[in-house]
Amino acid sequence: MSTPATPPATPAAPVTTIAEIGQHEGQSITLRGWLYNLRSSGKLLFPTFRDGTGTIQGIVPKAAVPERVFETLKTLTLESSLVVTGRVRADSRAPSGFELDVDDISITQRIPDETPFPIQLKEAGVDFLMEHRHLWIRTPRQSAILRVRATIQRAAAEYFDTNGFFRTDPPILTPNACEGTSELFEMDYFGDDKAYLTQSGQLYIEATALALGKVYSFGPTFRAEKSKTRRHLTEFWMIEPEVTYLDLDGLMSLAESFLTHIVSRVLETHRADLKLIGKDITKLEAVIAPTSTAEACHPERSAAESKGPEGADITPTAAPLSTTPAPTTTSSAGHAEGGKSPRSGFPRLTYDEAHAMLVDAHARGLIETAHTYGDDFGSPDETYISSQFDKPVMVHRYPAAVKAFYMQPDPLDPTKALCVDVLAPEGYGEIIGGSQRVDDYDLLKSRIEQHNLPLAAFQWYLDLRKYGSVPHSGFGMGIERCVAWICGLEHVRETIPFPRTLNRIYP
RNA sequence: UCCUGAGUAGCUCAAUGGCAGAGCAUUCGGCUGUUAACCGAAGGGUUGUAGGUUCGAGUCCUACCUCAGGAGCCA
């Protein structure tokens with residue numbers, strides 16, 4: 001059923017993409033893509049083409065093209081693949097500003113009438129779209145999301161690559177299921193042993209950090225928890241930096257600088273995609289806008305971020321990457337200094353301050369359930385906290401009891417852990433979780449025992465504190481939640497080409 | 001795991017316990033500026049599965065299956 005592709009009538013027309021078509025105004029060009037939509041008005045056809053970089057409408061007056069071209073296009077089925085030659089013309093009626101006066105087409109493959117492309121232009125249900133995810137990703141909105149995802153991934157890696165980090169890859173198959181509380185995917189490992197898909201490379205990345213200094217990993221992560229929400233996937237991608245001689249405050253500066261860079265890059269190159277997706281771009285501009293401490297917040301905002309004059313040389317805002325200081329140069333070894341935070345663009349709240357904010361919100365009837373001091377924040381709590389700010393908010397120093405065993409206690413209050421959660425604006429929840437790690441052998445050993453974890457499995461991890469231990473910190477960012485936030489999506493399933501969820505592993 | 005909701009044409013959805021319907025898609029016809037184009041016509045159904053109540057069930061009852069989103073947990 002395929003038609004051999006024949007050379008277009010004007011082979012001299014250079015091949016270009018729809019994204020770059022504006023550079024060819026008045027010229028003849030060749031596009032290689034698919035028929036996205038077709039409207040007709042008697043002897044005038046309006047085919048819309050797509051090529052993966054965007055869409056453009058073509059114009060085909062019957063009198064202006066050979067009979068063969070008009071008749072072929074008139075009955076062509078949607079999503080058939082083809083090569084088009086035509087002349088680029090600026091037109092104020094076109095959404096993108098340009099239209100294509102079609103000269104010739106060459107069909108690569110025509111979809112038969114009996115088996116039309118399943119995804120229609122009109123709305124469809126989630127179940128149907130997910131069942132056809134392999135085709136759904138061709139539609140303009142999904143393609144735009146995947147393009148933004150690619151840029152977010154590139155910007156994230158680029159940030160670390162250009163700031164002295166070495167990319168390092170932790171194992172995906174791990175030998176024990178006891179790193180934390182998450183449920184893991186289990187598999188047979190040559191009969192005698194069980195293996196598990198990694199839930200985080202962090203412990204291994206700590207080891208490579210002690211080998212290389214500043215490292216990051218970027219790979220898939222697996223959680224077998226039976227979560228069914230718009231924020232959860234069973235397989236997702238995480239980028240995790242780990243830095244020696246970095247304390248919690250330095251880590252927060254790193255996270256801020258990192259996120260600022262990502263948002264800046266997306267705004268540089270994806271304004272059209274964000275508009276297509278429906279994201280309010282001003283919300284992203286607010287994230288990277290240089291701010292005084294007075295303007296980035298709502299009245300409820302606490303005074304936490306106005307503490308501490310030191311670290312004023314760190315001003316990670318919308319500055320280009322090249323001028324963004326490497327955060328590790330500004331934080332000193334082992335000097336976690338309690339509540340003193342450098343001034344920054346992203347608000348920083350201690351757990352206690354966030355708790356007070358929630359108590360106040362409950363008293364005023366803004367949230368349903370009262371937060372219990374000492375408990376971790378629930379999803380509605382995080383949504384409320386983040387809704388009070390225009391920028392990602394960093395909540396730090398949670399009660400150690402609700403956090404992981406490897407987190408360093410706050411020397412000013414050992415019941416607190418030197419950790420930070422970064423909550424994305426607009427209720428997108430936690431996108432980054434990180435901490436300063438326990439660097440003392442005896443303390444870490446007792447923590448492992450307190451958590452009833454098998455010492456033997458962690459001996460290698462304890463070795464890191466036995467042989468040249470240093471203060472170090474790191475965080476992990478889930479790519480999908482970051483994409484969902486930046487694109488303004490209802491559900492993380494749209495942020496990855498083939499989402500894996502509790503009830504779906506097809507296609 | 002718990003709570004809630006939904007399964008009817010290829011898709012999105014209607015239908016007081018009383019003849020199974022519309023829009024889109026498909027096919028045929030019309031239209032020289034359409035923007036999910038529009039106008040006319042045609043074809044298209046084992047109402048998720050299995051029982052039950054009833055003169056009569058898409059509709060009521062029971063069980064099961066599938067999916068969705070919320071809680072918990074997390075990124």
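The chains referred to below are lettered A, B, ... by the order of the sequence lines, with proteins before strands, and numbering in each begins at 1. The analysis underlying the following values was restricted to heavy atoms, covering all of them including side chains, and did not include hydrogens, waters or symmetry mates.
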Participant: Please report the distance, rounded to the nearest Å, between CG in A:Leu35 and C1' in B:U35.
Facilitator: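 Atom-to-atom, A:Leu35 to B:U35, this comes out as 14 Å.
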Participant: Let's test this: given Watson-Crick or G-U wobble pairing with both distances under 3.5 Å, identify the partner of B:C38.
Facilitator: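 Across any shown strand, B:C38 pairs with B:G30.
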Participant: Verify the contact: side-chain N or O of A:Arg493 to OP1 or OP2 of B:C67, cut-off strictly under 4.0 Å; return yes or no.
Facilitator: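 No, A:Arg493 has no side-chain N/O under 4.0 Å of OP1/OP2 on B:C67.
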Participant: Checking side-chain contact (heavy atoms from CB on, under 4.5 Å) against A:Ile111, which of A:Ser81, A:Pro116, A:Ser80 comes through?
Facilitator: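 Output: one option passes, namely A:Ser80.
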Participant: From CG of A:Leu45 over to C1' of B:G30, roughly how many Å is that when rounded to an integer?
Facilitator: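 Answer to the nearest Å: 14 Å.
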Participant: Using atom CG of A:Asp421 as one end and atom C1' of B:C74 as the other, report the distance to the nearest whole Å.
Facilitator: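 Nearest whole value for this atom pair: 10 Å.
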Participant: Can you tell me how far P in B:G33 sits from the matching atom in B:U46, rounded to whole Å?
Facilitator: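 Each nucleotide's P atom is 43 Å from the other's.
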Participant: What residue among A:His396, A:Arg397, A:Glu353 forms side-chain contact (heavy atoms from CB on, under 4.5 Å) with A:Arg348?
Facilitator: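 Of all the options given, the one that passes is A:His396.
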Participant: Please determine whether any donor N or O and acceptor N or O are separated by less than 3.5 Å between the side chain of A:Gln120 and the base of B:U12.
Facilitator: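 Not at all, since no donor on one side and acceptor on the other fall under 3.5 Å apart.
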Participant: Which nucleotide wins on minimum distance to the side chain of A:Asp91, given the candidates B:G33, B:A36, B:C73?
Facilitator: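 Ranking B:G33, B:A36, B:C73 by closest atom to the A:Asp91 side chain puts B:G33 first.
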Participant: Please find the pair of heavy atoms, one from A:Arg447 and one from A:Pro409, that lie closest to each other, and give the distance.
Facilitator: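 Heavy-atom minimum between the residues: NH2-CG, 3.5 Å.
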Participant: How far, in whole Å, is B:C11 from B:G56 if one measures between their C1' atoms?
Facilitator: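 One C1' to the other, the span is 32 Å.
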Participant: Let's see if you can work this out: which of B:G69, B:G72, B:G33 has an atom nearest to the side-chain heavy atoms of A:Arg89?
Facilitator: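 Nearest nucleotide to the side chain: B:G33.
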Participant: If you look at every strand shown and take non-hydrogen atoms under 4.0 Å, does A:Met238 touch a base, only sugar-phosphate, or nothing?
Facilitator: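 Counting heavy atoms under 4.0 Å across all strands, the contact made by A:Met238 is with sugar-phosphate only.
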Participant: Would you say a side-chain N or O of A:Ser379 is under 4.0 Å from OP1 or OP2 of B:A71?
Facilitator: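 Looking at the OP1 and OP2 atoms of B:A71, one of them is under 4.0 Å from a side-chain N or O of A:Ser379.
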Participant: Which value, in whole Å, describes the distance between the P atoms of nucleotides B:U59 and B:C74?
Facilitator: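 One P to the other, the span is 44 Å.
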Participant: Only one of A:Arg437, A:Glu206, A:His472 passes side-chain contact (heavy atoms from CB on, under 4.5 Å) with A:Leu464; say which it is.
Facilitator: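 Running side-chain contact (heavy atoms from CB on, under 4.5 Å) over A:Arg437, A:Glu206, A:His472 with A:Leu464 returns exactly one hit, A:Glu206.
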Participant: Check the distance between B:A75's C1' and A:Gln202's CD and give it to me in whole angstrom.
Facilitator: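 It works out to 13 Å between those atoms.
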Participant: Any idea which of B:U32, B:G72, B:U34 is nearest the A:Phe46 side chain?
Facilitator: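 Among the listed nucleotides, the one closest to the side chain of A:Phe46 is B:U34.
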Participant: Using the C1' atoms only, state how far B:C31 lies from B:C19, rounded to an integer number of Å.
Facilitator: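 About 38 Å, rounded to a whole number of Å.
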Participant: Any chance you could lay out the side-chain contact (heavy atoms from CB on, under 4.5 Å) test for A:Ile432 and A:Leu259, step after step, and finish with the verdict?
Facilitator: CA-CA 10 Å; A:Ile432 283 178; A:Leu259 285 175; 4.0 Å; yes
Participant: Heavy atoms from C-beta onward define the side chain here; which of B:A68, B:C11, B:G33 lies closest to that of A:Ile59?
Facilitator: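 The closest nucleotide is B:G33.
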Participant: Measuring only the P atom in each nucleotide, how far is B:U47 from B:A9? A whole number of Å is fine.
Facilitator: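 The same atom, P, in both gives a distance of 10 Å.
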Participant: Using the C1' atoms only, state how far B:A75 lies from B:A6, rounded to an integer number of Å.
Facilitator: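 One C1' to the other, the span is 29 Å.
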Participant: Of the nucleotides B:C67, B:A25, B:C74, which one has an atom closest to the side chain of A:Arg504?
Facilitator: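 Looking only at side-chain atoms, A:Arg504 lies closest to B:C67.
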Participant: So which one's nearest nucleotide on RNA chain B is more toward 5', A:Phe117 or A:Lys74?
Facilitator: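 In this pair, the answer is A:Phe117.
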Participant: Whole angstroms only, please: what is the CZ-P distance between A:Arg93 and B:U34?
Facilitator: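 Nearest whole value for this atom pair: 8 Å.
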Participant: Hey, which of these two, A:Asp127 or A:Pro95, hits RNA chain B nearer its 5' end, going by closest nucleotide?
Facilitator: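 Result: A:Pro95.
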Participant: Classify the ring geometry of A:Phe458 against A:Tyr461: parallel below 30°, tilted from 30° to 60°, perpendicular beyond 60°.
Facilitator: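 Geometry flag for A:Tyr461 against A:Phe458: perpendicular rings.
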Participant: Nearest of B:G33, B:C74, B:U26 to any side-chain atom of A:Asp113?
Facilitator: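 Nearest nucleotide to the side chain: B:U26.
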Participant: Is there a Watson-Crick or G-U wobble partner for B:G58 with both distances under 3.5 Å, and if so, which one is it?
Facilitator: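 Because no pair has both required distances under 3.5 Å, B:G58 counts as unpaired.
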Participant: Taking everything shown except A:Phe166 itself, do over 12 heavy atoms lie less than 6.0 Å from its CZ?
Facilitator: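 Open: at most 12 neighbouring heavy atoms sit under 6.0 Å from CZ of A:Phe166.
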Participant: For atom P, what is the distance between B:G7 and B:G48, given to the nearest Å?
Facilitator: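 So the two P atoms sit 8 Å from each other.
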Participant: Looking only at N and O atoms, is any donor in the side chain of A:Arg481 or the base of B:C74 less than 3.5 Å from an acceptor on the other one?
Facilitator: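 Checked by distance alone, the answer is yes.
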Participant: Out of B:C31, B:A36, B:U12, which has the shortest distance to the side chain of A:Ser41?
Facilitator: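 For A:Ser41, the side-chain atoms sit closest to B:C31.
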Participant: For B:A63, what is the paired nucleotide under Watson-Crick or G-U wobble rules, both distances under 3.5 Å?
Facilitator: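 Pair assignment: B:A63 / B:U49.
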Participant: In whole angstrom, give me the gap between the C1' atoms of B:C61 and B:U54.
Facilitator: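 Roughly 12 Å separates the two C1' atoms.
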Participant: Select base, sugar-phosphate, or nothing to describe what A:Glu235 touches, counting heavy atoms under 4.0 Å on all strands.
Facilitator: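 No contact.
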Participant: Rounded to whole Å, please give me the gap between CE in A:Met130 and C1' in B:A68.
Facilitator: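 For the pair A:Met130 CE and B:A68 C1', the rounded distance is 11 Å.
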Participant: Tell me what A:Glu114 touches on the nucleic acid: a base, only sugar-phosphate, or nothing, going by heavy atoms under 4.0 Å.
Facilitator: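 If one applies the 4.0 Å heavy-atom cut-off, A:Glu114 turns out to touch nothing in the nucleic acid.
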Participant: Distance check: side-chain N/O of A:Arg231 vs OP1/OP2 of B:G72, anything under 4.0 Å?
Facilitator: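 No, because none of the side-chain N or O atoms of A:Arg231 sits under 4.0 Å from OP1 or OP2 of B:G72.
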Participant: What is the base-pairing partner of B:A22, counting Watson-Crick and G-U wobble geometry with both distances under 3.5 Å?
Facilitator: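 Paired with B:U12.
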Participant: Give me the ring orientation class for A:His371 and A:Tyr351: parallel if the planes are under 30° apart, tilted from 30 to 60°, perpendicular past 60°.
Facilitator: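 The rings of A:His371 and A:Tyr351 stand perpendicular, inter-plane angle above 60°.
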Participant: Round to a whole Å and report the spacing from NZ of A:Lys43 to C1' of B:C38.
Facilitator: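 Result: 17 Å.
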Participant: Kindly indicate whether the side chain of A:Ser227 and the base of B:C73 share any N or O donor-acceptor pair separated by less than 3.5 Å?
Facilitator: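 Pair found.
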Participant: Ignoring backbone atoms, test whether A:Lys228 places a side-chain nitrogen or oxygen under 4.0 Å from the OP1 or OP2 oxygen of B:G69.
Facilitator: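 Indeed not, no polar side-chain atom of A:Lys228 lies that close.
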Participant: Among B:A68, B:A71, B:C11, which nucleotide has an atom closest to any side-chain atom of A:Val126?
Facilitator: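 It is B:A68.
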Participant: Starting at CD of A:Glu240 and ending at P of B:A75, how long is that distance when rounded to a whole Å?
Facilitator: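 My rounded result for the distance is 9 Å.
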Participant: From the list B:U35, B:U27, B:A68, which nucleotide is the closest neighbour of the side chain of A:Asn503?
Facilitator: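 Nearest listed nucleotide: B:A68.
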Participant: Can you establish whether the number of heavy atoms outside A:Gln450 located under 6.0 Å from its atom CD is more than 12?
Facilitator: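 For A:Gln450, atom CD is crowded (more than 12 foreign heavy atoms under 6.0 Å).
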Participant: Would you indicate which nucleotide in B:U32, B:U1, B:C73 comes nearest to any side-chain atom of A:His232?
Facilitator: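 Among B:U32, B:U1, B:C73, the one nearest the side chain of A:His232 is B:C73.
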Participant: Tell which nucleotide pairs with B:A71, taking only Watson-Crick or G-U wobble pairs whose two distances are both under 3.5 angstrom.
Facilitator: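 Checking every strand shown, B:A71 finds its partner in B:U1, with both distances under 3.5 Å.
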Participant: Any base atoms under 4.0 Å from A:Ile432, or only sugar-phosphate, or nothing? Heavy atoms, all strands.
Facilitator: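 Sugar-phosphate contact only - A:Ile432 comes under 4.0 Å of backbone atoms but never of a base.
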